[in-house]
Amino acid sequence: MTNTPVAASTWAAGDYPAMAGLLAPAAERAVAAAGPVPGTTLLDVGCGTGNAAMAAARLGAVVTGADPTPELLAVAAGRAREEGLGVTWQQAPAERLSGVYDRVVTVFGAMYAPDARLAAASMARCCAPGGLVVSAAWTPDGFMAAANRAMGRYLPPPPPGAAPPTRWGDEAFVYEQFAAAGPAEVTATVEHVRLEFASPVEAAAFWVRAAGHVRVERRRLEASGAWEALHDDVAAVFAEWNRAPGPAVRVESAYLLAVVRGGAAVTSPGRRVSER
Ligand SMILES: C[S@@+](CC[C@H](N)C(=O)[O-])C[C@H]1O[C@@H](n2cnc3c(N)ncnc32)[C@H](O)[C@@H]1O
């Protein structure tokens, strides 16, 4: 999880599969919003270890999972094989997708594309006439952004001009990206992923272990004595956002679930329909 675009390779440097286990409910929710029926073709963009792809395949959809990180695609393929689900995998970022599908879903995936407009245009191009694009992205004022700000203080500065991925958690931003590619209508709701741990300290240890872009800085941070301070700061964010009584942690991490309709069915130049 990061609040600045990072090289796709760092996604494999941490324990992302463990994090994916926590985020599975959001994938289920996004797939439900896409509403595939048996035979629906569906593309999961930034599929990671395959949460949404597998949820859709379980419903009988004909699924392709796309991601730029080969190590995560390999985990996804292994999981699907184990469950006997037939999914096609494609190594590609959101900006360079191929094929045409009834539904295009991205769960905390396309938000990491450095060029948001290109990613939206690519997803719109891959969406069949009358189809839907469904995007789940952390909100800019939610827990995930706060945790990333805390970790970001220990990391190298983002490249010049880099924009925070959480802009995809803003409905107006999502609308603008798709409207630039053609007529678009966006319906959005704010949903939450529940994160539970035994304590803020345990939560911070899990969080840092899962974050590849932080793990790659470990040696430098340990040498400068900042590794423990990083953990303390992340634990403090969990404590601040905690809604559980006692020593345990329960955080509701907000994300924007946006459903985008495009094409001729939309009254040009399109509109934004908020459900919030
Ligand atoms: C937070 S993970 C989400 C994975 C999965 N969708 C899930 O719900 O668990 C972010 C994913 O975005 C992928 N990613 C990074 N850059 C991307 C890009 N430009 N286009 C699409 N996906 C990208 C990473 O490889 C990683 O798998």
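Remember, it's 1-based here, ligands and their atoms both numbered in the order they're listed.
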* Asked: Does Trp11 reach ligand 1 with a nitrogen or oxygen that is under 3.5 Å from one of the ligand's nitrogen or oxygen atoms?
  -> no

* Looking at ligand 1, does any of its N/O atoms fall within less than 3.5 Å of an N/O of Gly46? -> yes

* Is there a nitrogen or oxygen of Asp44 sitting under 3.5 Å from a nitrogen or oxygen of ligand 1? -> no

* To do: Kindly assign one of parallel, tilted or perpendicular to the pair Phe143 and Phe238, based on the angle between their ring planes and the thresholds 30° and 60°.
  => tilted

* To do: Please report the C-alpha distance between Thr88 and Gln90 in whole Å, then the side-chain angles of each, then the deciding distance to 0.1 Å, and finally whether the side-chain hydrogen bond (donor to acceptor under 3.5 Å, both in side chains) criterion is met.
  => CA-CA 7 Å; Thr88 302; Gln90 190 181 101; over 6 Å; no

* Which ligand 1 atoms are under 4.0 Å away from a heavy-atom of Thr69? -> 24 (C), 25 (O)

* Could you tell me whether ligand 1 has any atom less than 4.0 Å away from a heavy atom of Ala27? => no

* Asked: Okay, side chain of Thr64, backbone of Leu43: is any donor-acceptor separation there less than 3.5 Å?
  -> no

* Any Leu23 heavy atom less than 4.0 Å to ligand 1 -> no

* Structure fact -> Residues at least two apart in sequence or cross-chain that pass ring pair (Phe, Tyr, Trp, His ring centres under 6.0 Å) with Tyr255, listed by chain then number, are Phe108

* Please verify whether a non-hydrogen atom of Asp67 lies at under 4.0 Å from ligand 1. => yes

* Using a strict 4.0 Å cut-off to heavy atoms of Pro93, name the atoms of ligand 1 that fall inside it. => 18 (C), 19 (N), 20 (N)

* Structure fact -> Separation between CH2 (Trp241) and CE (Met144), nearest 0.5 Å, reads 10.5 Å

* Main-chain N/O of Ala94 paired to Arg96 side chain as donor or acceptor, under 3.5 Å -> no

* Taking NZ, NE, NH1 and NH2 as the nitrogens, is one of them in Arg167 or Glu176 under 4.0 Å from a carboxylate oxygen of the other? -> no

* Where on Glu95 is there a heavy atom closer than 4.0 Å to ligand 1, on the side chain, on the backbone, on both, or on neither? -> side chain

* To do: Pull out every atom of ligand 1 sitting under 4.0 Å from any heavy atom of Val107, numbered as shown with elements.
  => 3 (C), 5 (C), 6 (N), 7 (C), 8 (O)

* Structure fact -> In terms of heavy-atom contacts, Val87 and Ala57 come closest through CG2-CB, 3.9 Å

* Run the numbers for me: atoms of ligand 1, each under 4.0 Å from some heavy atom of Ala94, listed by number. => 18 (C), 20 (N), 21 (C)

* Which atoms of ligand 1 are found less than 4.0 Å from any heavy atom of Asn51? -> 9 (O)

* To do: Supply the atom-to-atom distance Arg149 CZ to Thr166 OG1, rounded to the nearest 0.5 angstrom.
  => 8.0 Å

* Asked: Could a heavy atom of Pro68 be found less than 4.0 Å from some atom of ligand 1?
  -> yes

